[in-house]
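Take a look at the structure below.
Quick caveat: nothing in here was measured; it's all calculated off a predicted structure. Numbers restart at 1 for each chain; the letters A, B, ... are given by sequence-line order, proteins then strands. What you see below is based on every heavy atom in this structure, not just the backbone, and it leaves out hydrogens, waters and symmetry mates.
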Protein chains: 2
Amino acid sequence: MAQKIKLSTIADALGVSTATVSLALRDSPLVADATRDRIKDHARAIGYIYNRRAASLRTSRSGIVGVVVHDIMNPFFAEILRSIESELDRSRQTFILSNHYDQLEKQRTFIDTLLQLGADGVIMSPAIGTPRDDIVMAEENGLPAVLIARTVEGAQVPVFRGDDAYGTGLATNHLISLGHKRIAMIGGTDQTSTGRDRYQGYVSAMEAAGLDIMPHWRIPGPRTKQAGFEAASRFLALKDRPTAACCWNDLVAIGLMNGIARAGLVPGVDISVTGYDDLEEAAIATPALTTVWNGQREVGRQAARALLDKLSGHAVRPSQELIKPELHVRQSTGKPVER
Amino acid sequence: MAQKIKLSTIADALGVSTATVSLALRDSPLVADATRDRIKDHARAIGYIYNRRAASLRTSRSGIVGVVVHDIMNPFFAEILRSIESELDRSRQTFILSNHYDQLEKQRTFIDTLLQLGADGVIMSPAIGTPRDDIVMAEENGLPAVLIARTVEGAQVPVFRGDDAYGTGLATNHLISLGHKRIAMIGGTDQTSTGRDRYQGYVSAMEAAGLDIMPHWRIPGPRTKQAGFEAASRFLALKDRPTAACCWNDLVAIGLMNGIARAGLVPGVDISVTGYDDLEEAAIATPALTTVWNGQREVGRQAARALLDKLSGHAVRPSQELIKPELHVRQSTGKPVER
DNA sequence: CTGAAAGCGCTTACAG
DNA sequence: CTGAAAGCGCTTACAG
């Protein structure tokens, strides 16, 4: 590697000061057009690389935004990330990604890293059990936070997520309107706001229709395709087996349908199944999955926008506006078939 | 936000120099135990946050590693990323992730960002058309690179990937041994080394068995579940329709199977299908997918190790060792059924 | 429109 | 074992 090229290398070569070079490279109107062009051309010619660490040390702005979610392998988060990415790209912010796998320690380590790097902000889907103080600490140290998908009680920050109770209500009501009376709820956890809300939506819809809710019709836990697949045998062995399953998310629903098919039954005919999220793959599952659109794109876009607004000094109120989910009916639901 | 706490804040409070504080916080043996403990306790008590930008500016080591792949939403890369992540975590390196979506410009922007941040290295699955010079430029500017999944002709850097030709050979031979004579190859592109190698493996196996290879039996392009799904109708309409499909990857295979099922045929019975990669979901697909294990975990682990070795000054030879794929036979393949 | 100088918060020889 | 001082490469008042 040749001698490191820096601002002063350019300044010396062109007989100007580093201040002028610095301003010219950032297109400051303070520099004469001719000077600016001469500087930029030369910089490009000799392969100058801007040192962001040095600049950031001086300005205490890093151009880095952190994003931490449960697991990027989960297509739900992957879809959100895509829209965050395209939004941040537009404002030339670099983003650093991390999974916390719902481990508080991993999340804390990551936030610490962001603080050390002087990140400008963080978008997070908080790990289970995230205390309000973790968010407060970040903000007090100059790391503004925006939450997605889950909320943290008492944290005065913007949060973008869907109306989960309303969403499972849509799915459950759809099953009820088809004539189902015994409906299971598969997957999810009470440890997150999302989990509690989705379950609540199911319960409210069942109660409103005057239907019984059997505790053993709820199989909590599954959140992945694999877990949904494994839950199928438990579901199929259920006493008074339900004719329909309202699933925590699309992954669980698709896994469950695979498990049902493996057992020789036809999902969508023998057992109705609903998902949640409307992932890209819901439409091409076999059968195509009836599910609840959860606005991943919107969540990502709005969260990124809110953070960028915050960074540019606009006041962003800690909104709790929920994105309204929509039911997308496909082939995985039908009239109940009694044995 | 209170007054910024820095090394000198601690030094002043404790009546020592910043040099001593700096050394103490990094557990240098040069500092007396009592002094070190006093310093570390105080630092923790007042909530000191280490400024990595300042340190990095001074040491020109950033603790940042870049990772750029085609698309993290693709489970193939997601599985690789997981093992890279766990490997880098162990050495306390932060990693920055980016998708290039096979756009050279996006990849260049990202590499530029890494250079500006003074990243220590980059692990990349190069975008289609990546010239050797892009890699050379990065290395010359102090950003060592390690390649995964794809290679770049003439780049003198380590590359970790599977033996693709051998892998599709395994799948094709498996189909041939079941009695299939008309076998299609669905998906992939000739623009990547991976694409060429996988197609070559299929061709060689067909030729070795003395079977005809019809040009129209190849449907190039698809690399996603959605595209595989859409390819099903083209495949099913094929003249002299093949009895089996050797697919570019698991996503295409699963999509194709969904499309076949949607058309009223039974994948694994009417049409045999093989995948490639052995993603986690291959085992729970319906039917369970016969596929080629491609060692994602190994690729990620080895690539991360190689980069870390390079960073700690060990010489890493530009190896081309290929990971040996393995055939995993499941239910999506069977004897041919003639119409 | 341009330049000289200070300073962001660390680490590293060097001296004692 | 500890301290004084220089310097990493920028940007930003300030002066002209």
Checklist outcome for this item: Here the distance between atom P of dG9(C) and atom OH of Tyr50(B), to the nearest Å, is 14 Å

Checklist entry - Partner of dA4(C) by Watson-Crick or G-U wobble geometry, both contacts under 3.5 Å, or none? => result none

Checklist outcome for this item: Here the distance between atom P of dG9(D) and atom NZ of Lys4(A), to the nearest Å, is 8 Å

Checklist entry - Does a donor on one side chain sit under 3.5 Å from an acceptor on the other, for Arg150(A) and Thr192(A)? => result no

Next on the checklist: What is the distance, to the nearest angstrom, from the CD1 atom on Ile49(A) to the P atom on dC8(D)?
Outcome noted: 18 Å

Next on the checklist: For Thr59(B) and Leu23(B), find the nucleotide of DNA chain D closest to each by heavy atoms; which residue's nucleotide sits nearer the 5' end?
Outcome noted: Leu23(B)

Next on the checklist: OP1 or OP2 of dT11(D) versus the side-chain N and O atoms of Arg26(A): is any pair under 4.0 Å?
Outcome noted: yes

Checklist entry - Within the structure shown, what part of the strands sits under 4.0 Å from Ala55(B) by heavy-atom distance: base, sugar-phosphate, or nothing? => result sugar-phosphate

Checklist entry - So does Thr18(B) get a side-chain nitrogen or oxygen closer than 4.0 Å to the phosphate oxygens (OP1/OP2) of dC10(C)? => result no

Checklist entry - Counting any heavy atom closer than 4.0 Å, what does Gly15(A) reach on the DNA or RNA strands: base, sugar-phosphate only, or nothing? => result sugar-phosphate

Checklist entry - Under a 4.0 Å N-O cut-off, is there an ion pair linking Arg223(B) with Asp71(B)? => result no

Item to check | pair Ile72(A)-Leu81(B): side-chain heavy atoms closer than 4.5 Å | outcome: yes

Next on the checklist: Closer than 4.0 angstrom, basic N to acidic O: yes or no for Arg36(B) and Asp33(B)?
Outcome noted: yes

Next on the checklist: Categorize Ala19(A) for me: base, sugar-phosphate, or nothing, with a 4.0 angstrom heavy-atom threshold over every strand shown.
Outcome noted: base

Next on the checklist: Can you tell me if Tyr48(A) touches the phosphate of dG9(D), counting only side-chain N or O atoms and a distance under 4.0 Å to OP1 or OP2?
Outcome noted: no

Checklist entry - Within the structure, does a side-chain N or O atom of Ser17(A) lie under 4.0 Å from either OP1 or OP2 of dG3(C)? => result yes

Item to check | 5′-ward residue of the pair Pro29(B)/Arg53(A) relative to DNA chain D | outcome: Pro29(B)

Item to check | Whole-Å distance separating the CG atom of Leu57(A) from the P atom of dG7(D) | outcome: 17 Å

Checklist outcome for this item: Leu14(B) CG to dG3(D) P, in whole Å, measures 10 Å

Checklist entry - Under 4.0 Å between a side-chain N or O of Thr20(A) and OP1 or OP2 of dG3(C)? => result yes

Next on the checklist: I want to verify a distance call: between dT2(D), dC8(D), dT11(D), whose nearest atom is closest to the Leu7(A) side chain?
Outcome noted: dT11(D)

Checklist entry - Within less than 4.0 Å of OP1 or OP2 of dC10(D), is there a side-chain N or O belonging to Ser22(A)? => result no

Item to check | Identity of whatever pairs with dA13(D) - Watson-Crick or G-U, under 3.5 angstrom | outcome: none

Item to check | Sidechain N-carboxylate O distance under 4.0 Å for Arg82(A), Glu85(A) | outcome: no

Next on the checklist: Quick one: does any side-chain atom of Glu153(A) pair with a main-chain N or O of Arg132(A) as donor and acceptor, under 3.5 Å?
Outcome noted: no

Checklist entry - Expressed in angstrom and rounded to an integer, what is the separation of Gln116(A) atom CD from dG9(C) atom P? => result 15 Å

Checklist entry - For Thr35(B) and dT2(D), is the shortest distance between a side-chain N/O and OP1 or OP2 below 4.0 Å? => result yes

Checklist entry - Which one, dT11(C), dA6(C), dT2(C), comes nearest to the side chain of Arg58(B)? => result dT11(C)

Checklist entry - Between dT11(D) atom P and Arg52(A) atom CZ, what is the distance in whole Å? => result 12 Å

Next on the checklist: Expressed as a whole number of angstroms, how long is the span from Leu25(B):CG to dG9(C):C1'?
Outcome noted: 13 Å

